[in-house]
Number of protein chains: 2
Amino acid sequence: MDNIEKKCKSKGVKLTEQRKIIAKVMSKSRDHPDVDELYKRVSEIDSKISIATVYRTVKLFEESGILAKHDFKGGKARYEEISESHHDHLIDVNTGEIIEFVNEDIEKLQKTVADKLGYQLIDHKLELYGKKK
Amino acid sequence: MDNIEKKCKSKGVKLTEQRKIIAKVMSKSRDHPDVDELYKRVSEIDSKISIATVYRTVKLFEESGILAKHDFKGGKARYEEISESHHDHLIDVNTGEIIEFVNEDIEKLQKTVADKLGYQLIDHKLELYGKKK
DNA sequence: ATAATTGCAAATGCTTTGCTTGTGA
DNA sequence: TCACAAGCAAAGCATTTGCAATTAT
């Protein structure tokens, strides 16, 4: 049983055949696929799954705190499994490749900034766009 | 002549009656309107302007480096005039209100991060989502 | 003069939804 | 069993585009 399946169990998300397949594909994905790409991968395992189910599942998993949704430039939402460790993203403007990184100093400064403005930080989004040197 | 009109002149962007109106409205906007809101404001000055023109103009201004486009959560793109001084945004999750802020330390760290990963920083997006304390 | 811009409506692309049939706990 | 999920196609929403008429330089 893969990671996402386990999370579904622990969060009380009902598991169907389709959801298991989507869970498996996302669990082993090391990139950040959009729904089309995910649908393509899932279809190779079960060609009868509809894209509506993929959309519904991905939304369900997101609402359950299992997947993270990213709206990077490009119009299509991209997903990744939520991991214990928080990270941000650097997007290669030429290839679309995504590199994950962690920077504690930036994290702390964000909290400080929000605090100074009289806000409690709920969430944040940091994306760097760059090109290979 | 407002700020945006001046920028159009200096960048060689042709000015039409419609573009002048859109320029004026954006120039005096202190918030970050989406296209619908902008269209509404523009329509009060000239009710014959079509929303297609607003979309086209906003895109043209963005490509000319006159307006900045933001894809905050919520599905609709929001725009603001590009000012000399760079800033990031804190979005009030309850009201949708946007507070601008500047933090040089974060800026520097971003460059450092990209650099360490072997990238030249082209652009970045930092959004904080918070609620009033 | 004439290449570019507008307005309109139709088209697009991603995502959601209504409805009927199928299915997991 | 039976509330919930899947499949399909149609609908939604923000945004873009083709085309004929209009306009800025």
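Predicted, not measured: the structure shown is a model, and the values here were computed from it. Numbered from 1 within each chain, the chains take letters A, B, ... in sequence-line order.
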A/Lys76 NZ - C/dT15 P separation (whole Å) = 8 Å

ask   = Parallel, tilted or perpendicular for B/His70 and B/His89, by the 30°/60° rule?
value = perpendicular

request  = Could you state the atom-to-atom distance from CG of B/Asp71 to C1' of D/dC13 in whole Å?
outcome  = 15 Å

query = Taking OP1 and OP2 of C/dT15, is either one under 4.0 Å from a side-chain nitrogen or oxygen of A/Lys59?
reply = no

query = Is A/Arg41 paired with A/Asp31 through a side-chain N to carboxylate O contact shorter than 4.0 Å?
reply = yes

query = For residues B/Glu100 and B/His86, is any side-chain donor paired with an opposing acceptor at under 3.5 Å?
reply = no

ask   = Does B/Thr95 use its side chain to pair, donor to acceptor, with the backbone of B/Glu97 at less than 3.5 Å?
value = yes

key: Side chain of A/Thr53 (C-beta onward), nearest among C/dG7, D/dG7, C/dT5   = D/dG7

ask   = Would B/Tyr129 and B/Glu127 count as having a side-chain donor-acceptor pair, cut-off 3.5 Å?
value = yes

request  = Would you kindly give the OH-to-P distance between B/Tyr79 and D/dT15, to the nearest whole Å?
outcome  = 7 Å

Other ILVMFWY residues reachable from A/Ile99 by side-chain steps of under 4.5 Å = A/Leu90, A/Phe101, A/Ile106, A/Leu109, A/Val113, A/Leu117, A/Tyr119, A/Leu121, A/Leu126, A/Leu128, B/Leu90, B/Ile99, B/Phe101, B/Ile106, B/Leu109, B/Val113, B/Leu117, B/Tyr119, B/Leu121, B/Leu126, B/Leu128

task = For each nucleotide in nucleotides 18-25 of chain D, reading 5' to 3', give B when a protein heavy atom comes within less than 4.0 Å of its base, S when such contact involves only the sugar-phosphate, and - otherwise.
result = B-----SS

ask   = Just how far, in rounded Å, is P of C/dT15 from CG of A/Leu60?
value = 17 Å

task = Could you walk me through whether B/Val102 and B/Glu107 pass the side-chain contact (heavy atoms from CB on, under 4.5 Å) test, one step at a time?
result = CA-CA 9 Å; B/Val102 179; B/Glu107 302 291 324; 5.8 Å; no

query = salt bridge (Lys or Arg N to Asp or Glu O under 4.0 Å) between A/Arg19 and A/Glu5: does it pass, once the steps are laid out?
reply = CA-CA 9 Å; A/Arg19 289 182 184 173; A/Glu5 252 191 68; over 6 Å; no

request  = Rounded off to whole Å, could you give me the CZ-to-P distance for the A/Arg19 and C/dG22 pair?
outcome  = 19 Å

Nearest-angstrom distance from the residue atom CD1 of B/Ile21 to P of C/dT5 = 17 Å

remark   = Here the salt bridge (Lys or Arg N to Asp or Glu O under 4.0 Å) pairs for residues 57-75 of chain B, sequence neighbours left out, are A/Asp123-B/Lys73

Axis-to-axis angle between the two ends of the helix from C/dA1-D/dT25 to C/dA25-D/dT1 (five base pairs per end, rounded to 10 degrees) = 40°

ask   = Does A/Asp2 have any salt bridge (charged side-chain N to carboxylate O under 4.0 Å, His left out) partners at least two apart in sequence or in another chain, and if so, which?
value = none

query = Residues from residues 30-50 of chain B sitting under 4.0 Å of DNA chain D, heavy atoms only?
reply = none

task = Using a cut-off of strictly less than 4.0 Å, decide whether A/Tyr55 has a side-chain nitrogen or oxygen near OP1 or OP2 of C/dT15.
result = yes

key: Check: A/Glu80/A/His87 side-chain N/O donor and acceptor closer than 3.5 Å   = yes

